[in-house]
Asks: 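What follows is a single structure, and I will ask about it in a moment.
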There are 2 protein chains.
Amino acid sequence: MEMNHALDSLSALAHEGRLQVFRLLVRAGPEGMAAGEIATALQFRANTLSNHLNILAASGLVRALREGRSIRYFAEMQTMRGLLGFLMEDCCGGNAALCQPLLDQIACDCT
Amino acid sequence: MEMNHALDSLSALAHEGRLQVFRLLVRAGPEGMAAGEIATALQFRANTLSNHLNILAASGLVRALREGRSIRYFAEMQTMRGLLGFLMEDCCGGNAALCQPLLDQIACDCT
DNA sequence: CAATCATTTCCATTATTCCTGAATTATGGA
DNA sequence: TCCATAATTCAGGAATAATGGAAATGATTG
């Protein structure tokens, strides 16, 4: 991941509403949730939520899939992993061997 | 970690300058860097950098230690780890057993 | 104590982000 | 086709954050 993508992802998460949405989708796992379900669960107005979902999707943290008249959203663990790798890059001045193997494992197996 | 702390950390990182600072400190490892060194390395004005460092420190992502007339800063891996745990909490609807052991290992051994 | 260096604080300006209401697109069913 | 439902887009004003100059604080040296 490069700087701009990381910034998009971090900015997307640096907002209470969007962070709630993302964590809800993480909990939902591979089943994901429809936009309407999310709105109900978190008590958000439809347009506000749509905006949040757009921002999350643009950063790659969330994926959208139309399903009938609903649109279902999923958390993208791979993006999360990439972000973390970026944050930890060259950890400890090149002794990355200590950290990298751990980072490589960060991904939810159930996704 | 609870919501507000996570938001502080994410907002702190969701800024190009601060993200550069944090990553620089991650690379610097346990030796850390003096504010002046950081300013030189990244070409930041002293006051701008000071502001960034304050924000990072307030979120716990960075720790300050006065050393003579300089102030030395260090990346706090533990905070990073807490943040990640928060983001992945209850991953996949309770099957956290799949993710949690991995998350528990995320910490730079050299810190 | 005076001088100097490192960093921070204060303040005003500029830029960005956020929320809301109203209008719009897209899908499925009668 | 007409209607209802699901979700998105757009424009605005309000709130918030970022920047840079100037002054102030804190620590060391002579």
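We name chains A, B, ... by the order of the sequence lines, and we start the count at 1 in each one. None of the values given here were measured: they were computed from a predicted structure.
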Asks: Near DNA chain C, under 4.0 Å by heavy atom, which residues of residues 2-15 of chain B?
Replies: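 Heavy-atom cutoff 4.0 Å gives no residues at all.
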Asks: Any side-chain heavy-atom pair from A:Leu24 and A:Gln20 closer than 4.5 angstrom?
Replies: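 When only atoms from C-beta onward are counted, A:Gln20 and A:Leu24 do not touch, as no gap falls below 4.5 Å.
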Asks: Would you say B:Arg18 places a side-chain N or O within less than 4.0 Å of OP1 or OP2 belonging to D:dA18?
Replies: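 Affirmative; the distance criterion is met.
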Asks: Using a 3.5 Å distance criterion without hydrogens, assess whether the side chain of B:Ser9 forms a donor-acceptor pair with backbone atoms of B:His5.
Replies: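 At least one qualifying donor-acceptor pair exists.
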Asks: Is any side-chain heavy atom of B:Ile71 closer than 4.5 Å to one of B:Leu65?
Replies: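 Not touching, per the 4.5 Å side-chain cut-off.
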Asks: Taking C-beta and beyond as the side chain, do A:Leu53 and A:Arg18 meet within less than 4.5 Å on heavy atoms?
Replies: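 Of all side-chain heavy-atom pairs linking A:Arg18 with A:Leu53, none is under 4.5 Å.
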Asks: When you get a sec, tell me which of D:dA18, C:dT8, D:dA7 is the closest nucleotide to the side chain of A:Tyr73?
Replies: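 So the nucleotide nearest the side chain must be D:dA7.
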Asks: I need the CG-C1' distance between B:Asn54 and D:dA18, as an integer number of Å.
Replies: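 Roughly 14 Å, once rounded to whole Å.
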Asks: Please state how far atom CD in B:Glu16 lies from atom P in C:dT16, giving the value in whole angstrom units.
Replies: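 The answer, rounded to whole Å, is 13 Å.
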Asks: In terms of ring plane angle, is the pair A:His52 and A:Phe44 parallel, tilted or perpendicular, where the classes change at 30° and 60°?
Replies: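 Geometry flag for A:Phe44 against A:His52: perpendicular rings.
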Asks: Mapping B:Ile71 and A:Ile55 to their closest nucleotides on DNA chain C, which lands nearer the 5' end?
Replies: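 The residue closer to the strand's 5' end, by nearest nucleotide, is B:Ile71.
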Asks: Atom CZ of A:Arg72 to atom C1' of C:dT27: distance rounded to whole Å?
Replies: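 Roughly 16 Å, once rounded to whole Å.
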Asks: Counting only non-hydrogen atoms, which of residues 40-51 of chain B are less than 4.0 Å from DNA chain D?
Replies: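 Under 4.0 Å from DNA chain D: B:Arg45, B:Asn47, B:Thr48, B:Asn51.
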Asks: Taking NZ, NE, NH1 and NH2 as the nitrogens, is one of them in A:Arg72 or A:Glu31 under 4.0 Å from a carboxylate oxygen of the other?
Replies: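 Looking at A:Glu31 together with A:Arg72, the answer is no, because their closest N to O distance does not fall below 4.0 Å.
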Asks: Ignoring the backbone of A:Ser70, work out which of D:dT9, C:dT4, D:dA6 is nearest its side chain.
Replies: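 The answer is D:dA6, which lies nearest to the side chain.
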Asks: When the distance from CG of A:Leu65 to C1' of C:dT27 is rounded to whole Å, what number comes out?
Replies: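 Those two atoms, CG and C1', are 15 Å apart.
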Asks: Which listed nucleotide (C:dC18, C:dC19, D:dA18) is nearest to the side chain of A:His52?
Replies: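 Output: C:dC19.
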Asks: Without swapping roles, check the side chain of B:Thr40 against the backbone of B:Gly36 for a donor-acceptor pair under 3.5 Å.
Replies: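 Yes, B:Thr40 side chain to B:Gly36 backbone: donor-acceptor pair under 3.5 Å.
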Asks: Report yes or no: is the cationic atom of B:Arg63 (NZ for Lys, CZ for Arg) under 6.0 Å from the centre of the six-membered ring of B:Tyr73, at an angle within 45° of the ring normal?
Replies: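 No, B:Arg63 does not lie over the aromatic ring of B:Tyr73.
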